[in-house]
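So the structure is just underneath, and the comments pick up after that.
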2 protein chains.
Amino acid sequence: MSITIKDIAKQAGVSVTTVSRALNGYPDIKPETRQRILRIAAEANYHPSAIARSLVMKKSRAIGLIISELTDLGSGYHMLFDVIRGVNDQAMALGYDLILSATDPEQQREIPYIELCQRRQLEGVVLMGVRTDDPYLKEVLDASVPCALVDIPLTADSCTYVTLDNVQGAKLAVQHLVERGHRRIGLINGHNQAFVSRERWKGYGEGLKEAGIPLREEWVAYGDFEQESGAECIENLLAADPELTAVFCASDIMAIGAIQRLKQLGKRVPEDVAVVGFDGLELTQFLTPSVTTIVQPRHRFGVEAVNLLVRMMAGETPEPIILNPELREGQSTGK
Amino acid sequence: MSITIKDIAKQAGVSVTTVSRALNGYPDIKPETRQRILRIAAEANYHPSAIARSLVMKKSRAIGLIISELTDLGSGYHMLFDVIRGVNDQAMALGYDLILSATDPEQQREIPYIELCQRRQLEGVVLMGVRTDDPYLKEVLDASVPCALVDIPLTADSCTYVTLDNVQGAKLAVQHLVERGHRRIGLINGHNQAFVSRERWKGYGEGLKEAGIPLREEWVAYGDFEQESGAECIENLLAADPELTAVFCASDIMAIGAIQRLKQLGKRVPEDVAVVGFDGLELTQFLTPSVTTIVQPRHRFGVEAVNLLVRMMAGETPEPIILNPELREGQSTGK
DNA sequence: TTGTATGCGTTATCAA
DNA sequence: TTGATAACGCATACAA
């Protein structure tokens with residue numbers, strides 16, 4: 001079917017060994033021979049079989065991208081796409097092919113991790129969207145295939161991760177509000193089981209402290225990252241402290257819910273209550289008011305995950321990568 | 001490194017042939033032998049190498065998912081993710097692994113299509129996000145690898161596509177507005193080079209005709225699927241016919257732009273002007289008012305693309321698949 | 001019912 | 001500078 005190295009050898013009147021070496025740039029080939037072989041290969045539109053090559057070299061030049069549909073990170077859905085692109089871009093840039101495998105816990109279709117790795121001889125795996133308590137993770141940590149986790153703060157022998165400095169992100173949000181003159185700032189957090197929630201809570205506290213504002217417990221509400229919970233939480237917060245003038249939400253989706261409810265309650269945003277979200281979703285810019293948000297560099301998550309991977313494949317044991325958040329101003333905090 | 005069929009054979013005290021056949025369910029194996037082999041393989045956590053198997057069987061059990069970042073479909077960005085999931089889900093269900101390869105025209109990193117197919121011995125390819133006039137496409141149509149196109153209405157020997165019935169979709173939108181009592185209905189279309197634009201224009205015309213409403217040229221404006229153009233178009237349309245009471249937009253993003261501009265102009269939605277969008281983006285539900293939209297079954301696009309592919313791989317030459325749109329009511333058309 | 005031998009397309013070892 | 005030859009892990013035609 002497809003043309004092989006053997007065909008090229010025949011055409012060029014040399015052995016397959018010579019062709020292989022000519023194509024792979026070995027020095028011990030007479031220049032004219034090489035030229036001839038190169039020309040013939042190009043004319044024949046020959047491309048070496050990655051499969052045969054993988055078999056003999058025991059290196060597949062392929063990495064896996066495994067996505068286990070996330071649930072508890074909330075709004076994670078929106079994160080995925082750009083991360084995928086980042087992984088793809090960097091993998092391609094480094095000459096790796098990408099094997100995508102999105103599992104779905106709900107549909108009971110998790111692929112045995114190890115099996116995929118073995119079957120396709122993956123050299124490494126980027127894993128994302130997994131809950132910290134997913135049994136899946138154990139399989140991964142125990143395996144010997146290098147693994148880069150996205151937004152899952154775990155390390156092991158051949159496993160590390162890339163995530164955001166969530167503490168810093170939350171702090172940025174609070175600082176921004178403080179600069180705008182706010183002193184009574186609420187927090188609508190995600191549920192406390194999520195790692196990021198604890199981090200963002202910490203950042204919120206630090207932000208207040210730096211501004212000399214004592215943290216008040218009734219300023220903090222816990223949602224589930226989704227829209228409806230944002231609405232409920234803001235209502236509760238206002239009931240607890242009607243003089244609240246600003247709120248930081250641990251997800252853009254909750255911020256949207258909060259803003260909608262504020263409007264229903266007759267409050268203006270940002271005049272009566274300013275709102276900051278988290279994630280940097282595109283859709284925040286489509287809204288009126290547009291939402292000030294802490295932007296996660298999603299594409300870079302993917303890029304750095306691959307970078308970590310190749311370093312691990314090279315035998316290194318790199319430190320986790322903690323990316324820096326940025327604040328993007330919208331209308332929801334004045335401006 | 002990884003355990004092979006040879007190891008199993010040794011452990012079981014049989015030949016590799018026997019192991020191979022036992023594992024692959026051939027009938028000519030003594031039941032007890034098979035049991036023993038199966039047990040040993042399971043205990044050893046053995047998984048056959050897809051690579052070696054591909055080489056000998058000349059079938060890779062892998063299909064490619066090639067995405068060339070689209071531009072002219074507009075809001076296509078939002079379409080991609082669910083389609084990817086659909087492709088992934090169905091490929092996995094049918095036992096195929098997925099090789100993802102997103103190219104990016106802007107970054108000049110298109111991978112030669114043929115090369116990827118040859119390198120990885122892909123059995124078929126799903127292609128999406130390509131402009132109809134992309135030279136890339138020619139390469140594809142000429143190639144012998146089966147190819148399923150998403151939203152690109154082209155067929156060739158081993159190439160067909162899946163798309164939406166855009167005429168019907170536009171018609172649904174108009175019918176919905178007519179039912180709500182509207183008689184002066186504008187159209188904010190995408191640019192005319194896009195295939196879908198022509199289809200939606202046609203559906204718009206048919207919808208009006210069925211309602212006995214003569215089409216008026218000043219009711220039609222052409223945007224570029226993006227937000228800003230939606231805003232400009234609605235302003236132009238209202239200038240041309242101030243009595244317009246409804247508008248159908250060929251993308252949700254343009255609908256959002258139109259609604260924002262309408263508000264700025266002091267018009268209420270839907271009381272003064274009702275708006276229908278197109279695509280069924282999730283974010284339309286986060287807005288106030290939420291946007292009535294024509295929903296594209298994005299996940300099914302992916303599923304059906306894979307289905308087409310396997311049929312082509314089996315030697316069939318299936319007809320294109322035209323999926324049906326659905327109207328999802330939001331607040332932007334009353335209710 | 002099982003084993004031997006061969007080949008898939010490529011690279012690597014060793015001789016020539 | 002080049003060419004046999006073996007090997008990678010597996011499936012299969014043919015023999016036993």
Side-chain angles (χ1 to χ4, degrees), chain A residues 1-38 40-41 44-62 95 97 115-123, chain B residues 1-38 40-41 44-62 95 97 115-123:
Chain A
M1 190 81 39
S2 208
I3 181 160
T4 80
I5 202 175
K6 221 182 264 181
D7 304 314
I8 307 295
K10 205 170 296 174
Q11 270 210 46
V14 295
S15 73
V16 294
T17 311
T18 305
V19 176
S20 173
R21 282 196 296 227
L23 261 32
N24 290 316
Y26 281 59
D28 55 353
I29 295 285
K30 202 201 303 185
E32 10 181 317
T33 315
R34 182 195 306 279
Q35 288 314 316
R36 187 157 41 93
I37 291 174
L38 252 41
I40 292 177
N45 206 352
Y46 165 79
H47 296 290
S49 155
I51 293 185
R53 188 179 262 166
S54 299
L55 186 58
V56 59
M57 306 225 293
K58 296 178 153 276
K59 290 224 171 279
S60 63
R61 270 286 167 186
D97 284 332
E115 190 203 320
L116 181 63
C117 293
Q118 285 195 20
R119 274 213 335 267
R120 294 282 170 189
Q121 299 246 315
L122 301 185
E123 296 188 36
Chain B
M1 190 78 42
S2 207
I3 183 162
T4 80
I5 202 176
K6 218 184 269 180
D7 304 315
I8 307 295
K10 202 170 299 174
Q11 270 210 46
V14 296
S15 73
V16 292
T17 310
T18 305
V19 175
S20 173
R21 283 197 293 229
L23 259 34
N24 290 317
Y26 280 59
D28 56 351
I29 294 287
K30 201 203 300 185
E32 12 183 313
T33 315
R34 181 195 306 279
Q35 288 315 317
R36 187 157 40 95
I37 292 175
L38 252 42
I40 292 176
N45 206 352
Y46 166 78
H47 297 290
S49 156
I51 292 184
R53 188 179 261 165
S54 299
L55 188 58
V56 59
M57 307 227 290
K58 296 177 153 272
K59 290 225 168 281
S60 64
R61 268 295 182 188
D97 284 331
E115 190 203 320
L116 180 62
C117 292
Q118 283 193 21
R119 275 214 333 268
R120 293 282 171 190
Q121 299 243 317
L122 301 185
E123 297 188 35

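Chain identifiers are assigned alphabetically (A, B, ...) following the order of the sequence lines, protein sequences preceding nucleic acid strands; residue numbering begins at 1 within each chain.
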For the pair made of [atom1] in [X] and [atom2] in [N], what is the distance, rounded to whole Å?
X	N	atom1	atom2	value
B:Asp7	D:dG9	CG	P	8 Å
A:Arg36	D:dT1	CZ	C1'	13 Å
A:Tyr26	C:dC14	OH	C1'	14 Å
B:Lys59	D:dT12	NZ	P	12 Å
B:Arg120	C:dG9	CZ	C1'	14 Å
A:Gln118	D:dC10	CD	C1'	15 Å
B:Asn24	C:dT1	CG	P	17 Å
B:Lys6	D:dA6	NZ	C1'	11 Å

Report summary line: Taking five pairs at each terminus, the helix from C:dT1-D:dA16 to C:dA16-D:dT1 shows an axis bend, to 10°, of 40°
[X] and [Y]: which non-hydrogen atoms are nearest, and at how many Å?
X	Y	answer
B:Ala22	B:Ile37	CB-CD1, 3.7 Å
A:Leu23	A:Ala41	CD1-CB, 4.4 Å
A:Thr4	A:Asp7	N-OD2, 2.8 Å
A:Gly95	A:Arg61	O-CD, 3.4 Å
A:Ser60	A:Ser54	CA-OG, 3.4 Å

Query raised in the report: With sequence neighbours excluded, what pairs up with A:Val16 under the side chain to side chain contact (heavy atoms under 4.5 Å, CB included) test?
Result: A:Ile5, A:Lys6, A:Ala9
Query - Set of side chain to side chain contact (heavy atoms under 4.5 Å, CB included) partners for B:Arg21, sequence neighbours left out - result: B:Thr17, B:Tyr26, B:Asp28, B:Ile29
Quick test: give all pairs of protein nitrogen or oxygen and nucleotides 3-5 of chain D nitrogen or oxygen below 3.5 Å, distance rounded to 0.1 Å.
| residue | atom | partner | partner atom | Å |
| --- | --- | --- | --- | --- |
| D:dG3 | OP2 | A:Ser15 | N | 3.0 |
| D:dG3 | OP2 | A:Ser15 | OG | 3.2 |
| D:dG3 | OP2 | A:Thr18 | OG1 | 2.4 |
| D:dG3 | N7 | A:Arg21 | NH2 | 3.2 |
| D:dG3 | O6 | A:Arg21 | NH1 | 3.1 |
| D:dG3 | O6 | A:Arg21 | NH2 | 3.3 |
| D:dA4 | N7 | A:Thr17 | OG1 | 3.4 |
| D:dA4 | N6 | A:Thr17 | OG1 | 2.8 |

Requested in this report: Please test B:Gln11 against B:Arg36 for side-chain contact (heavy atoms from CB on, under 4.5 Å), starting from the C-alpha separation and ending with a verdict.
Outcome: CA-CA 10 Å; B:Gln11 270 210 46; B:Arg36 187 157 40 95; over 6 Å; no
Report summary line: Comparing nearest nucleotides in DNA chain C, the 5'-proximal residue of the pair B:Gln121, B:Ile29 is B:Ile29
Query raised in the report: Could you state the interatomic distance from CD (A:Glu123) to NZ (A:Lys59), rounded to the nearest 0.5 Å?
Result: 5.0 Å
Query raised in the report: Under 4.5 Å between any side-chain heavy atoms of B:Asp97 and A:Leu116, yes or no?
Result: yes
Could you pull out every donor-acceptor pair under 3.5 Å between side chains of residues 44-53 of chain A and any protein atom, sequence neighbours left out?
| residue | atom | partner | partner atom | Å |
| --- | --- | --- | --- | --- |
| A:Asn45 | OD1 | A:His47 | NE2 | 3.2 |
| A:Ser49 | OG | A:Ile51 | N | 3.2 |
| A:Ser49 | OG | A:Ala52 | N | 3.0 |
| A:Arg53 | NH2 | A:Asn24 | OD1 | 3.4 |

**Report entry** Short side-chain N/O contact from B:Ser20 to OP1 or OP2 of D:dC10, under 4.0 Å
**Finding:** no
Report summary line: So, with a heavy-atom separation below 4.0 Å from DNA chain C, the residues of residues 46-57 of chain B are B:Leu55, B:Val56
